[in-house]
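Step one of this worksheet: look at the structure below.
To find a chain, count down the sequence lines: A is the first, B the second, and so on, and within it residues start at 1. All of these numbers come straight from a predicted model, not from anything done at the bench.
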Protein chains: 2
Amino acid sequence: MHSTQPRTPQECNASMRSVRDALDLLGGKWKLPIIVGLTGGPRRFKQLQREVAGITAKMLSKELKELEINGLITRHVQADAAPVAVTYTLAAYGRTLYPVIEALRSWGQQHRRHIMHPETLEAAAEAEWPEPEALSA
Amino acid sequence: MHSTQPRTPQECNASMRSVRDALDLLGGKWKLPIIVGLTGGPRRFKQLQREVAGITAKMLSKELKELEINGLITRHVQADAAPVAVTYTLAAYGRTLYPVIEALRSWGQQHRRHIMHPETLEAAAEAEWPEPEALSA
DNA sequence: GATAGCGGTTTACCGAAGGATACCGGTGTG
DNA sequence: CACACCGGTATCCTTCGGTAAACCGCTATC
């Protein structure tokens with residue numbers, strides 16, 4: 001643990017740019033929850049709407065479109081079935097988000113524990129930091 | 001690679017809840033970029049504002065307050081220095097976000113490459129999915 | 001004395017994100 | 001027939017995220 005993080009200004013800037021790139025695609029209230037829902041396998045529209053608690057049809061529709069445009073999910077229509085069935089599937093590219101989701105899931109889970117029982121977890125000793133360097137940022 | 005992801009509805013729901021817990025704290029346009037900025041060591045207000053390109057003083061101020069309330073960063077005032085120096089530091093708890101940041105950074109970086117040269121990366125074979133289970137979601 | 005930097009706060013304003021509700025044509029169920 | 005489910009769309013409305021700009025006291029610099 002205590003994974004090494006960027007220290008030089010260059011690394012730091014590059015890191016921030018990458019994070020913001022990711023956030024551009026995944027930002028907002030619903031995109032990641034929707035993707036998490038799809039990690040359980042293909043889902044139909046209403047099914048997904050029930051799973052992602054609180055989302056409206058309008059928002060779900062909008063977010064699904066954006067996710068599809070970005071190649072993260074796939075929309076599949078079965079016209080043969082009685083009431084035309086539409087399923088959404090996590091695309092191969094969407095599955096590359098597993099590490100991101102896992103990191104967020106793990107942190108969120110730990111955070112909930114942290115909120116419940118703060119005292120048991122506060123013991124992470126303060127590491128020493130470099131002096132407040134006068135960076136020409 | 002191909003890290004195992006939740007498959008059962010229960011795991012999926014728990015996963016979604018955790019992700020949304022994390023998003024409640026980290027959501028929005030600026031929080032994660034600010035934290036990334038602070039991974040480089042303590043920063044002063046204006047220094048941070050220059051580093052997090054595009055953020056206004058008001059937003060930075062607001063976001064820093066929220067991050068401090070949640071225990072992710074620490075605000076430190078040196079009253080002795082000539083013009084009162086204020087530094088913001090990633091708290092121990094904030095450092096537990098390293099895996100999240102690393103995952104996002106890595107994905108964002110890869111995504112940029114993906115956008116530039118799509119063809120070279122599309123080769124992730126479709127994995128087999130469980131049938132669209134009739135989940136009582 | 002004027003100007004600039006620091007660490008913000010305040011005011012005013014705007015547009016996008018998000019929410020509520022109704023509705024559509026189609027099908028199957030009682 | 002009435003009703004509910006499906007996969008959405010359309011409309012209206014509110015909230016919030018976010019911007020721009022001025023301003024504050026203080027200090028150092030020209």
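Following rounding to the nearest Å, A:Met59 (CE) and D:dG8 (P) show an atom-to-atom distance of 16 Å. The separation between A:Ile55 atom CD1 and D:dG8 atom P is 13 Å, rounded to whole Å. Atoms NZ (A:Lys65) and P (D:dG8) sit 8 Å apart, rounded to a whole Å. When the P atom of D:dC16 is taken as reference, atom NZ of A:Lys29 falls 10 Å away, rounded to whole Å. Rounding to whole angstrom units, CD1 of residue A:Ile34 and C1' of D:dG7 are separated by 15 Å. For B:Asp24 and D:dC16, the CG to P distance is 14 Å, given to the nearest whole Å. The distance from atom CZ of A:Phe45 to atom P of D:dC6 is 11 Å, rounded to the nearest whole Å. Rounded to an integer number of Å, the gap from CZ of A:Arg20 to P of D:dG18 is 10 Å.
Between B:Gln78 and B:His76, the shortest heavy-atom contact is CG-CE1, 3.9 Å. When all heavy atoms are compared, the tightest approach of A:Arg20 to B:Ala53 is NH1-O, 3.1 Å. Residues B:Pro99 and A:Ala103 share a closest heavy-atom pair of O-CB, 3.9 Å.
Interface remark: the A:Lys58 side chain does not form any donor-acceptor pair with the D:dT9 base, using a distance-only criterion of under 3.5 Å.
Remark: A:Arg44 is not in phosphate contact with D:dC6, judged by side-chain N or O atoms under 4.0 Å from OP1 or OP2. At D:dC6, none of the side-chain N or O atoms of A:Arg43 fall inside 4.0 Å of OP1 or OP2 (strictly under the cut-off).
Among pairs with a residue in residues 60-70 of chain B, those fulfilling salt bridge (charged side-chain N to carboxylate O under 4.0 Å, His left out) read B:Lys31-B:Glu63, B:Lys31-B:Glu66, at least two apart in sequence or across chains.
In this structure, B:Gly27 reaches neither bases nor backbone, as no heavy-atom distance under 4.0 Å exists between it and the strands shown.
Nearer to the 5' terminus of DNA chain C, by closest-nucleotide assignment, is the contact made by A:Gly28 (compared with the other of A:Gly28 and A:Ala57).
Each of A:Leu64, A:Val86, A:Thr89 was checked for a side-chain contact (heavy atoms from CB on, under 4.5 Å) with A:Arg75, and the lone residue meeting it is A:Val86.
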Hey, mind stepping through A:Ile34 and A:Tyr88 against side-chain contact (heavy atoms from CB on, under 4.5 Å) and telling me if it holds? CA-CA 10 Å; A:Ile34 290 171; A:Tyr88 295 89; over 6 Å; no
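Chain B approaches DNA chain C over the interval C:dC6 to C:dA12, counting the first and last nucleotide 5' to 3' with an atom under 4.0 Å from its heavy atoms.
The side-chain heavy atoms of A:Thr39 and B:Cys12, taken from C-beta on, include a pair separated by under 4.5 Å.
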